[in-house]
Amino acid sequence: MTETLIQQHLQAELDESRWLLPVYAHTPVEPMRGDGVMVTTRDGRELIDFYGGHAVAILGYRHPRVLAALARQAEELFFQSNSVPLAVRARAAERLVRFGPQGLTRAFFVNSGAEANENALRIAFRHTRRSRVVALEGAFHGRTAAAGALTWKNERWYGFPRPPFDVTIVPRKDVDALRAALGSDVAAFIIEPIQGQAGAVDFGAEYLAAARELTRAAGALLIFDEVQCGMGRTGHPFAAQAYGVTPDILTTAKGLAGGFPAGAVLVSDAAAGLQHGDLGATFGGGPMACALIETVIDIIESGDLLPRVRALSALIRETCQVGPVTGVQGDGFLLGLKTSRPGREIVNELLEKGILAGTAGDPNIVRLLPPLILEESHVAALAKALAEIRP
Ligand SMILES: Cc1ncc(COP(=O)(O)O)c(C=O)c1O
């Protein structure tokens, strides 16, 4: 790291540490500006953003249509709550339901991934009147009381005296263990079809189909947490469509509104059965978020981004298994590069070469979550940088 970079990083650290709780470890860069998939740092370096602000910058930065939608909606109506109907909210819900897998017919808007999961679980408990949830080793579902209770290795940060319901954690990709766990008290099985935080661990169509069968037979709901892997990241609208398996409930957030805070729960008619007052959120479904949800989906569909994601994902697999990279897991633009040395070292070395990437729960993974507008030239730059890094 150059001396100026260290100084600037330290200065920003110092400024933040004076006023904020010290709960985040920082990557040593200070982004000042973003354009397309490029981020410019305070010391004027141009980085290719293969991390997308933790999967949120799904269309990169300064997308002209996103900026126009933001300005137009802000001018028209900045906020109204769910106590009034809004045309923009109805349009966003219709667009999202049509973008989602067939069979999920209603949307509920919230503000974040954890909140989406929290509400999905509430719907499952109400629907089944049961008290247990089955989740997976390696899972990350968020940090609130319910979502956090289902998150793997939460002991370090959970903080609540006890989980709010019974939880069974099962090993990954073990159909027999899932079958055994699905007792008559189980309300839901929750799964990220591709585990993000774990390092892009892909469950595949066969396991997901088995989970669909087993939950149905047990009278439990199947919840797909697509907070990280949804919104086109697999090269399909959601992993549900990529693998041909429709859950009873699907949650999404992160890239949903292109960087504006938003989350959503998609629910089948069968699982819904809700009435006035059963769920709620002040900011959920606000006009700004809804205008952006509508626009993001429109850009993904009209820009033909999904076939490009699939093609460029294949190109990454083909060309980036060089230098310290020994394999690739995941799907689409949620990829884990398996590394011969700790992923943290490789991320730091990539940063020196102008590429922003991320680590994962697995210490030997470098995680890639680039914007869907990535181009061939960016993949070539990543392959070149990796080839120059010692194995
Ligand atoms: C799969 C998954 N679920 C839920 C969450 C929580 O989302 P949020 O941080 O928006 O609450 C995350 C965040 O990383 C996630 O990756």
Side-chain angles (χ1 to χ4, degrees), residues 55-59 63-123 126-127 142 144 147 223-227 230-232 237-238 240-241 247-303:
V56 170
I58 202 134
L59 297 172
H63 193 292
R65 290 196 50 209
V66 169
L67 296 187
L70 201 59
R72 194 171 53 241
Q73 188 60 49
E75 189 72 40
E76 231 170 77
L77 182 71
F78 199 86
F79 187 73
Q80 273 291 323
S81 76
N82 289 289
S83 62
V84 293
L86 294 177
V88 66
R89 187 185 297 130
R91 288 200 309 272
E94 176 178 358
R95 204 71 207 240
L96 182 60
V97 165
R98 291 190 189 284
F99 191 58
Q102 243 185 359
L104 302 189
T105 53
R106 303 274 170 163
F108 175 65
F109 288 126
V110 291
N111 308 288
S112 68
E115 197 186 355
N117 286 332
E118 204 86 5
N119 281 284
L121 293 163
R122 178 179 282 130
I123 293 169
R126 275 182 178 279
H127 179 73
T144 50
I223 303 175
F224 278 4
D225 174 347
E226 298 218 26
V227 167
M231 291 306 292
F238 290 96
Q241 287 114 310
D248 300 292
I249 305 178
L250 183 152
T251 58
T252 191
K254 292 210 188 278
L256 176 61
F260 199 88
V265 188
L266 293 179
V267 186
S268 69
D269 275 340
L274 298 167
Q275 298 174 356
H276 288 175
D278 284 349
L279 307 175
T282 298
F283 286 108
M288 297 300 290
C290 286
L292 289 168
I293 291 168
E294 185 186 18
T295 304
V296 164
I297 295 173
D298 196 57
I299 294 169
I300 292 175
E301 287 183 327
S302 64

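Since the structure is predicted, the reported quantities are computational estimates derived from the model, not experimental observations.
- Using modelled atom types, no side-chain atom of Asn117 and backbone atom of Ala114 make a donor-acceptor pair closer than 3.5 Å.
- A tilted orientation is assigned to the rings of Phe283 and Phe79, their planes being inclined by 30° to 60°.
- Residues Pro247 and Ala240 come closest through the heavy atom pair CD-CB, 4.0 Å.
- Interatomic distance, Ile123 CD1 to Glu118 CD, rounded to the nearest 0.5 Å: 12.0 Å.
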Intermediate values then yes/no, side chain to side chain contact (heavy atoms under 4.5 Å, CB included), Val97 and Arg106: CA-CA 6 Å; Val97 165; Arg106 303 274 170 163; 5.7 Å; no
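- Here the CZ atom belonging to Phe224 is positioned 10.5 Å from the OG1 atom belonging to Thr251, to the nearest 0.5 angstrom.
- Residues Ala253 and Ser112 share a closest heavy-atom pair of CB-C, 3.8 Å.
- When atom types are taken as modelled, the side chain of Gln241 and the backbone of Phe238 share a donor-acceptor pair closer than 3.5 angstrom.
- Here Met288 contributes atom CE and Arg72 contributes atom CZ; the two are 10.5 Å apart, rounded to the nearest 0.5 Å.
- For the pair Pro101/Glu226, no side-chain contact is recorded, criterion being any heavy-atom separation below 4.5 Å from C-beta on.
- For the pair Ile300 and Phe99, the minimum side-chain heavy-atom distance is below 4.5 Å.
- Residues Leu59 and Val296 meet the side-chain proximity criterion, which asks for heavy atoms closer than 4.5 Å.
- Ion pairing between Glu94 and Arg98 holds under the 4.0 Å rule for side-chain N and carboxylate O.
- Scanning all heavy atoms of the two residues, the minimum distance from Ala69 to Leu292 falls at CB-CD2, 4.3 Å.
- Shortest non-hydrogen contact noted between Thr295 and Arg65 is CG2-O, 3.7 Å.
- With contacts defined as side-chain heavy-atom distances shorter than 4.5 Å, the pair Arg95/Glu301 qualifies.
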message = Set out, in order, the CA-CA distance, both residues' side-chain angles and the distance that settles side chain to side chain contact (heavy atoms under 4.5 Å, CB included) for Leu121 and Ile223, then state yes or no.
response = CA-CA 8 Å; Leu121 293 163; Ile223 303 175; 4.1 Å; yes
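- Residue Lys254 holds its NZ atom at 12.0 Å from CG of Leu256, rounded to the nearest 0.5 Å.
- To the nearest 0.5 angstrom, Leu96 atom CG is 6.5 Å from Met231 atom CE.
- Among all heavy-atom pairs drawn from Ala257 and Ala289, the shortest one is CB-O, 4.0 Å.
- For the side chain to side chain contact (heavy atoms under 4.5 Å, CB included) criterion with Leu279, the lone passing option out of Val265, Leu274, Asn82 is Leu274.
- Distance check: Ile293 CD1 to Phe260 CZ gives 9.5 Å after rounding to the nearest 0.5 Å.
- With a 4.5 Å cut-off on side-chain heavy atoms, Leu86 and Leu77 count as touching.
- A donor-acceptor pair under 3.5 Å links the side-chain atoms of Arg89 to the main chain of Val84, judged by distance alone.
- Considering all non-hydrogen atoms of both residues, Phe109 and Ala281 come closest at O-CB, 4.3 Å.
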